[in-house]
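Take a look at the structure below.
Treat the numbers as computed from the prediction; the structure is a model and nothing was measured. All chains are named by letter (A, B, ...) in the order of the sequence lines, taking the proteins before the strands, and each is independently numbered beginning at 1.
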2 protein chains.
Amino acid sequence: MTDDSPVPPRGLTLRDVSEACGVSEMTVSRVLRDRGDVSPATRARVLEAAKRLGYVPNKIAGALASQRVNLVTVIIPSLSNMVFPEVLGGISAALEDTGLQPVVGVSHYAAEREEAVLYEMLSWRPSGVILAGLEHTQASRRMLENAGIPVVEIMDVDGEAIDSVVGISHQRAGREMADAIVAAGYRRIGFLGSKMPHDHRARKRLEGFREGLARVGIEIAATEFYSGGSALAKGRQMTEAILARDPDLDFLYFSNDMIGAGGLLHCLEAGHDVPGGIGLAGFNGLEILEGMPRRLATMDACRREIGERAARIVAGRSPSGLIGGERVELAPVLQPGDTIRPARTG
Amino acid sequence: MTDDSPVPPRGLTLRDVSEACGVSEMTVSRVLRDRGDVSPATRARVLEAAKRLGYVPNKIAGALASQRVNLVTVIIPSLSNMVFPEVLGGISAALEDTGLQPVVGVSHYAAEREEAVLYEMLSWRPSGVILAGLEHTQASRRMLENAGIPVVEIMDVDGEAIDSVVGISHQRAGREMADAIVAAGYRRIGFLGSKMPHDHRARKRLEGFREGLARVGIEIAATEFYSGGSALAKGRQMTEAILARDPDLDFLYFSNDMIGAGGLLHCLEAGHDVPGGIGLAGFNGLEILEGMPRRLATMDACRREIGERAARIVAGRSPSGLIGGERVELAPVLQPGDTIRPARTG
DNA sequence: CTGAAAGCGCTAACAG
DNA sequence: CTGTTAGCGCTTTCAG
């Protein structure tokens with residue numbers, strides 16, 4: 001613990017290293033950044049001195065001088081929804097050996113909050129921005145347009161992008177789910193979701209879902225919304241409530257897998273015939289579903305791939321070779337699981 | 001989209017604002033930072049110009065000049081374990097109006113990775129560091145000791161701290177769980193956990209647990225470990241496996257709530273008598289447990305409070321008024337739920 | 001209340 | 001291969 005090396009309490013500088021090894025600051029800098037040719041001998045001396053002193057370069061000064069910052073701003077709505085940590089996983093993986101580092105901000109599904117976080121983060125002059133959704137404040141859009149760096153909006157492709165976009169169409173996802181449900185012969189359908197007016201993607205799924213049903217002349221028969229609390233518990237309670245109010249429902253579409261899993265648990269306990277008497281489906285393809293008594297029908301939102309593709313665009317490693325303005329629409333796949341009966345044929 | 005305001009593609013400077021409003025750079029800077037007295041008139045002119053141009057201050061330059069950075073480095077092992085996002089929630093909340101901003105790094109439970117992330121982040125000269133655990137590489141410790149900023153190690157108090165520490169004793173948590181299980185009359189006990197040699201807290205809980213049982217002459221009768229995959233599914237499979245191997249077990253202690261929940265689901269489906277024939281307990285007090293068919297016994301790890309207390313120390317707002325070297329040990333509370341029978345009395 | 005000068009610690013761009 | 005000279009955009013400090 002007590003350490004006799006002459007380390008100042010704070011902030012060693014290049015100069016300290018330079019003096020410690022008798023090499024110019026410039027050459028020390030070169031060695032430490034692995035730039036330009038330096039003789040092996042001086043190189044070794046520099047590294048030894050830097051290590052001995054415990055020198056940590058000051059990126060603030062470096063960034064100011066070089067006008068280059070290896071940071072990528074990532075703004076997501078929430079960390080408690082497992083969806084976003086998974087996207088982050090994809091981003092981190094793709095950025096791994098690009099020298100870029102993701103820095104995460106959270107908007108809590110509020111555009112104003114997003115604006116504040118964005119402002120704060122842009123003031124560090126990152127080399128790129130990845131942010132969820134296409135809905136932002138006017139000010140946010142202006143900042144992003146003027147930042148002069150790659151901007152990738154992720155998760156959703158239903159709308160107009162600022163620069164590049166990587167995601168899925170939630171409207172289509174909703175529509176396809178409706179099609180599958182109808183094809184399986186279900187007719188009296190309930191929808192359960194969260195009371196989040198600012199979760200645009202959930203809203204779009206619901207719109208697409210309504211539209212899909214409308215095509216065959218069906219309307220949603222009942223809805224139930226929640227806010228706050230344990231999603232699993234809420235799913236359970238909402239399911240009980242909606243079925244109490246409307247026992248004739250033959251399908252429940254949940255806006256996310258967690259409440260869907262809660263609904264599934266309720267139905268099984270209540271002795272409902274799943275998927276014969278009543279079908280169930282969620283959305284996201286969360287890993288947690290794998291441990292449930294039955295596999296809930298769901299639709300994979302391609303979370304990890306979205307993160308990877310977005311990161312590659314920011315890193316300028318997109319296979320397209322484009323410099324911005326890219327549009328990548330991924331196709332979520334329906335995973336019917338065990339809670340939706342096979343489609344009727346003929 | 002097309003915007004006729006004369007915004008350069010990148011990086012407006014104070015000078016631009018200064019010229020646009022005919023006020024010295026210095027005064028513009030004062031207005032924008034809300035420092036020093038400025039006449040309302042000039043103040044208004046400056047703000048107007050800054051807003052019109054869409055000026056975003058350059059924190060890199062500001063930080064270099066002022067030697068002050070409003071960033072707090074937070075390094076956690078993982079984002080996929082819901083425990084850590086919850087800690088982050090506490091940190092964010094406590095930092096809310098301190099002007100400090102958390103910046104998150106992930107170590108993936110690897111000390112070397114932590115060291116790399118720490119080096120990277122310290123090179124931005126943050127005003128404080130919060131990191132999980134007490135086990136770090138030698139180099140990490142040195143960096144932290146020499147950084148000259150508040151360092152708070154969180155989650156765990158069993159070991160020697162670098163500066164401040166906020167957490168619980170996982171050894172004691174394990175011991176107390178053992179006591180409760182023994183008091184309830186269970187005798188043939190199995191342990192199920194993850195194969196993570198670098199999850200020191202899980203290891204310490206197991207040690208404490210063993211010790212608690214040893215006091216009354218009991219040894220763990222069977223163990224099962226997993227790695228990777230859906231924790232819920234793994235919990236289910238492991239439980240089935242351990243009970244197949246050793247049907248006489250009357251209690252299963254899971255190293256985390258997720259596998260515990262999986263175990264619970266298995267036991268209920270298999271028709272085991274819970275908690276009469278077999279008791280179950282997890283660890284963490286995760287929210288997801290609330291939606292399960294039964295409330296799994298668990299122990300709250302005080303995640304949010306840990307985050308809050310750590311952040312307050314970094315922000316210099318600790319009620320103790322101390323400047324570092326603080327030690328806060330929180331007491332996790334056993335939540336017996338429905339899966340451990342009442343303690344035998346007499 | 002406002003401005004001018006002098007750096008913060010590093011790196012780009014040139015010389016040797 | 002190595003060193004010198006200017007800044008990067010802002011804030012500190014000190015004069016008005």
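- Residue contacts for B:Arg35: at a heavy-atom cut-off of 4.0 Å it reaches no nucleic acid atom on any strand shown.
- The side chain of B:Ser24 has C:dG3 as its nearest neighbour among C:dG3, D:dG9, D:dC10.
- A:Val165 is not listed as a side-chain neighbour of A:Glu326, based on a closest heavy-atom distance of 4.5 Å or more.
- When the nucleotides C:dC1, D:dG9, C:dA12 are ranked by their closest atom to the side chain of A:Ser66, C:dA12 comes out on top.
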Give the C-alpha distance, both sets of side-chain angles, the deciding distance and a yes or no for side-chain contact (heavy atoms from CB on, under 4.5 Å) between A:Val129 and A:Leu118.
CA-CA 9 Å; A:Val129 178; A:Leu118 187 60; 4.2 Å; yes
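- Of the candidates D:dT2, C:dC8, D:dC8, the closest approach to any side-chain atom of A:Thr27 belongs to D:dT2.
- Residue contacts for A:Asp37: at a heavy-atom cut-off of 4.0 Å it reaches a base atom on one of the strands shown.
- Within 3.5 Å, no donor on the side chain of A:Arg125 pairs with an acceptor on the base of D:dG9, nor the reverse.
- Distance from the side chain of A:Leu14 is smallest for C:dT11 among the nucleotides C:dC14, C:dT11, D:dT13.
- The side chain of A:Asn58 lies closest to C:dC10, out of D:dC10, D:dG3, C:dC10.
- Position along DNA chain C of the nearest nucleotide to A:Ala61 versus B:Val23 favours B:Val23 as the more 5'-ward residue.
- The side chain of A:Glu25 lies closest to C:dC10 when the candidates are C:dC10, C:dA12, D:dC10.
- Closest contact between the side chain of A:Ala65 and the listed nucleotides C:dC1, D:dT2, C:dT11 involves C:dT11.
- Contact annotation: A:Gln67 side-chain N/O to C:dC10 OP1/OP2 distance is not under 4.0 Å.
- Straight-line distance from the CZ atom of B:Arg68 to the P atom of C:dG9: 14 Å, rounded to whole Å.
- In A:Arg33, the CZ atom is crowded: over 12 heavy atoms of neighbouring residues, nucleotides or ligands sit closer than 6.0 Å.
- At distances below 3.5 Å, not a single donor-acceptor pair connects side-chain atoms of B:Asn70 with backbone N or O atoms of B:Leu100.
- Counting heavy atoms of neighbouring residues, nucleotides and ligands inside a 6.0 Å radius, atom NE2 of A:His108 exceeds 12 of them.
- Side-chain atoms of B:Met26 lie closest to C:dA4 of the nucleotides C:dA12, C:dA4, C:dT2.
- Of the two residues contacting DNA chain D, namely B:Tyr55 and A:Gly22, the nearest-nucleotide position lying further toward the 5' end is that of A:Gly22.
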